[in-house]
Undergrad: 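Let me give you the structure first, and then I'll get to my questions.
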2 protein chains.
Amino acid sequence: MGVKGKEGKVGRRVTSKEVAAALGVSPATVSNAYNRPDQLSPLLREKVFEAARELGYAGPDPVARSLRRRRVGAVGVLYSDRLSYAFADPAAVEFFEGVSVATEEAGLGMLLLPGSARGARDPEAVGNAVVDGFVIYCMADDDPLVDVVLERRLPVVLVDHPGVEDVPYVGIDDEGAAAAAAEHLIGLGHRRLGVVSFELTRQMTGGLADLSRPERATFGPSRARLRGYASAIRQAGLPVSEVPVYECAESTREEGRVAAEALLGMESRPTALLCMSDQLAFGVLEAARDLGLSVPGDLSVVGFDDVAEAGRTSPPLTTVHQSHVEKGLLAGRILVARLGEDEPPEAGLLPTRLIERGSTAPPG
Amino acid sequence: MGVKGKEGKVGRRVTSKEVAAALGVSPATVSNAYNRPDQLSPLLREKVFEAARELGYAGPDPVARSLRRRRVGAVGVLYSDRLSYAFADPAAVEFFEGVSVATEEAGLGMLLLPGSARGARDPEAVGNAVVDGFVIYCMADDDPLVDVVLERRLPVVLVDHPGVEDVPYVGIDDEGAAAAAAEHLIGLGHRRLGVVSFELTRQMTGGLADLSRPERATFGPSRARLRGYASAIRQAGLPVSEVPVYECAESTREEGRVAAEALLGMESRPTALLCMSDQLAFGVLEAARDLGLSVPGDLSVVGFDDVAEAGRTSPPLTTVHQSHVEKGLLAGRILVARLGEDEPPEAGLLPTRLIERGSTAPPG
DNA sequence: CTGAAAGCGCTTACAG
DNA sequence: CTGAAAGCGCTTACAG
């Protein structure tokens, strides 16, 4: 295994200066041995490595090197909430996957940073993050961490957070996609719709509301989707203010269940539910089963995202497809290109489409 | 939104020295304004912040600060393979989730680093990673990156990679857990077993082998599980060399399908399959369905991990439960404690248990 | 309450 | 092919 036991020990740092001294050469020569082999004889280089090995010098200190070179070799990914929440959300995980492809292509690390939502402790982590640039993912318009990042004047790419001047933006047409989902249901003949929503603001008032004031949402995608649902419903001549919206604290199955129970317990029960994520829709499916409601016989359900499991539920989920992997990949590549002064790929909106599967049908 | 447009721009770095000069104070005072409010008058402190705002100084440079303080505020997580592969594996994602809880508790970032497997490009990324310590997850015994990390003499925790002196190790009793899975099947009356295995070595010979030489595996958990299966089978008086083992390149449903097709196509078809992960088992379930084999009627299947979806397949999967979240959390907390010179929680083996669900039954 | 000095560990022109 | 010098941007005793 090549491990000599003591290597596992946490040791005093050995510096290039000490290696140089042991060899009677200058620190520049030690540095050159690691960074510019052409600047010294192969023999001397070998001697440097040998002395390094003996003294336990593992090569130039990454922090000092980063300071000198003005380059760290890592990008930060800022997420609105706790990371543990992100890892529990397949959509976020797929996004990370996409970013990781881009960073690996470039030989960079990917530093995951917790956002400021719900008790994340240390906003300093973002200001102090040792990175060359940032991907900002899914933050509320008024999240102070966005400004903390912007003020650092590093290259930044914004994802699902429109509206900052001069910063590349990657997203989808949330409004159009949501409208398409609602139109699908309306086309099927549904007249009593309900919405299972993401959180709308960082304050998360939560619970039941209606579709009449999309603008109060400070999360861009939530706002746009509410707008899309509302416009399709209005177009159909239905009263928007009578469409119940349940705001979920998190995009989880559990929250989807809770929302479904609230919505399906109403006097005038919706015959179809529009969900802002597949996770929420999965919870709705579970709740419907528990309530003895058949899907799509008694209730139609539309998701959003088209994560892998959407094709495997019973019934399989009708949903709006978007590629979170592509989103992460594009954002990552734009950032990487900007770090290297390369011509970045064009930022913009990725395509979506409605995937009709088994969870929607005309009302019973 | 508090964004003044130009903040999004990538700018020349403004330094504390410039802020100090603009104000006619020393850089130490600027530093104190940010780091030790008690060291200067509130008024002066306000002036410093004002000058900083005007000049576009976003606070002390994280890299320089890290060099000076000998502390970065991030831990590295080293994974054997491409990160995009990790993100596609629920077990790895749950592990990351656990680590992230520990890093968030401590206000640290989490730097994800790609391993050296299958064309990961840049081993330098690990040697250069700007972190205070490492979690090494799931690496082969002979992976050179392990030594690269160990040589840096930073605090390290090893996960699912036993056998490095003086380094805390977190894992499970893979051998015992695997033996329990095999015993369950044998107890049910199965005599013709097959194994759907992880990759055994970094070279990944792949395809079919048998259970007679567990020791050739250089991935610790794979080796231990093979050993566990073999010992239970030997105990039952069955010939170990007649148990087919299919080595999968990755822990994915697709690979599980391919393995199942190979194993179930053999002249003397196994009546039960032991899978090293739930992902592989899910693929086996799909393949069985495609082949017209009923589970557990015609074929029993045992997984490993007990990821969330294991309870939702049809039939629900009998599997070995382990908590990847706890694994990550413990590893993360040990590392964090060692960074802070706190007394770390005890390293060691986490519990496992066999969860009997619907995918196993006596042979038909 | 404020500042001068030393130094964290390295790399990069530049001179020889 | 090798080395002396400057400096990346900051923080921390320490002296006043």
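Chain letters run A, B, ... following the sequence lines, proteins first, then strands; residues in each count from 1.
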Undergrad: What is the 5' to 3' range of DNA chain D, first to last nucleotide, that sits under 4.0 Å from any heavy atom of chain A?
TA: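 Range of nucleotides touched by chain A: D:dC1 to D:dG9.
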Undergrad: Does any non-hydrogen side-chain atom of B:Val63 lie less than 4.5 Å from one of A:Leu67?
TA: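 With C-beta onward as the side chain, the pair touches.
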Undergrad: Applying salt bridge (charged side-chain N to carboxylate O under 4.0 Å, His left out), name anything that partners A:Asp89, two or more places apart in sequence or on another chain.
TA: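 A:Asp89: no salt bridge (charged side-chain N to carboxylate O under 4.0 Å, His left out) contacts found.
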Undergrad: So what's the dot-bracket for DNA chain D: Watson-Crick or G-U pairs under 3.5 Å, [ ] if a pair crosses, | if it pairs off-strand?
TA: |||.||||||||.|||
Undergrad: Just by modelled atom types, is the B:Ala58 backbone N or O under 3.5 Å from a matching donor or acceptor in the A:Arg152 side chain?
TA: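 Flag not set: sc A:Arg152 to bb B:Ala58 has no pair under 3.5 Å.
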Undergrad: Using the salt bridge (Lys or Arg N to Asp or Glu O under 4.0 Å) rule, collect all pairs that involve residues 30-39 of chain B, keeping only residues at least two apart or in two chains.
TA: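 The answer is none; no pair qualifies.
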Undergrad: Applying side-chain contact (heavy atoms from CB on, under 4.5 Å) between A:Leu55 and each of A:Leu23, A:Val19, A:Thr15, report the one that passes.
TA: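 Among A:Leu23, A:Val19, A:Thr15, the one meeting side-chain contact (heavy atoms from CB on, under 4.5 Å) with A:Leu55 is A:Val19.
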Undergrad: What residues from residues 39-49 of chain B pass a heavy-atom cutoff of under 4.0 Å to DNA chain D?
TA: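 Of all residues in residues 39-49 of chain B, none places a heavy atom under 4.0 Å from DNA chain D.
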Undergrad: Using modelled atom types and a 3.5 Å cut-off, is there a donor and acceptor pairing between side-chain atoms of B:Thr201 and backbone atoms of B:Thr218?
TA: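 No; judged by distance alone, with no hydrogens or angles, the pair does not exist.
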Undergrad: So A:Tyr57, base contact, sugar-phosphate only, or nothing? Heavy-atom distance under 4.0 Å.
TA: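 Since only primed, P, OP1 and OP2 atoms lie under 4.0 Å of A:Tyr57, the category is sugar-phosphate.
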Undergrad: Under the ring-ring contact (aromatic ring centres under 6.0 Å, His included) criterion, do A:Tyr57 and A:Tyr34 qualify, and how do the steps go?
TA: CA-CA 12 Å; A:Tyr57 178 71; A:Tyr34 286 93; 5.8 Å; yes
Undergrad: Would you mind classifying the nucleic acid contact of B:Val30 as base, sugar-phosphate or nothing, using non-hydrogen atoms under 4.0 angstrom?
TA: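 Answer is nothing: B:Val30 stays at 4.0 Å or more from every strand.
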Undergrad: Can you name the residues that form a side-chain contact (heavy atoms from CB on, under 4.5 Å) with A:Glu97, not counting sequence neighbours?
TA: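 If we apply the side-chain contact (heavy atoms from CB on, under 4.5 Å) test to A:Glu97, skipping adjacent residues, the hits are A:Val325, B:Ser84, B:Phe87, B:Ala88.
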Undergrad: Among residues 58-69 of chain B, which residues get a heavy atom nearer than 4.0 Å to DNA chain C?
TA: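 Output list: B:Leu67, B:Arg68.
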Undergrad: Taking only residues at least two apart or on different chains, which pairs with a member in residues 106-115 of chain B satisfy salt bridge (Lys or Arg N to Asp or Glu O under 4.0 Å)?
TA: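 Passing the test, one end in residues 106-115 of chain B: no pairs.
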Undergrad: Could I get the full list of side-chain contact (heavy atoms from CB on, under 4.5 Å) partners for B:Thr29, not counting sequence neighbours?
TA: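 Expected list: B:Val25, B:Ser26, B:Leu40, B:Leu44.
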Undergrad: Once side-chain contact (heavy atoms from CB on, under 4.5 Å) is applied, do any residues pair with B:Asp342, and if so which ones, sequence neighbours excluded?
TA: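 Result, side-chain contact (heavy atoms from CB on, under 4.5 Å) vs B:Asp342: B:Ala337.
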Undergrad: What ring pair (Phe, Tyr, Trp, His ring centres under 6.0 Å) pairs are there with at least one residue in residues 133-154 of chain B, not counting sequence neighbours?
TA: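 Passing the test, one end in residues 133-154 of chain B: B:Tyr79-B:Tyr137, B:Phe95-B:Tyr137.
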Undergrad: Could you list the residues that satisfy salt bridge (charged side-chain N to carboxylate O under 4.0 Å, His left out) with A:Asp61, not counting sequence neighbours?
TA: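 Salt bridge (charged side-chain N to carboxylate O under 4.0 Å, His left out) list for A:Asp61, sorted by chain: A:Arg13, B:Arg70.
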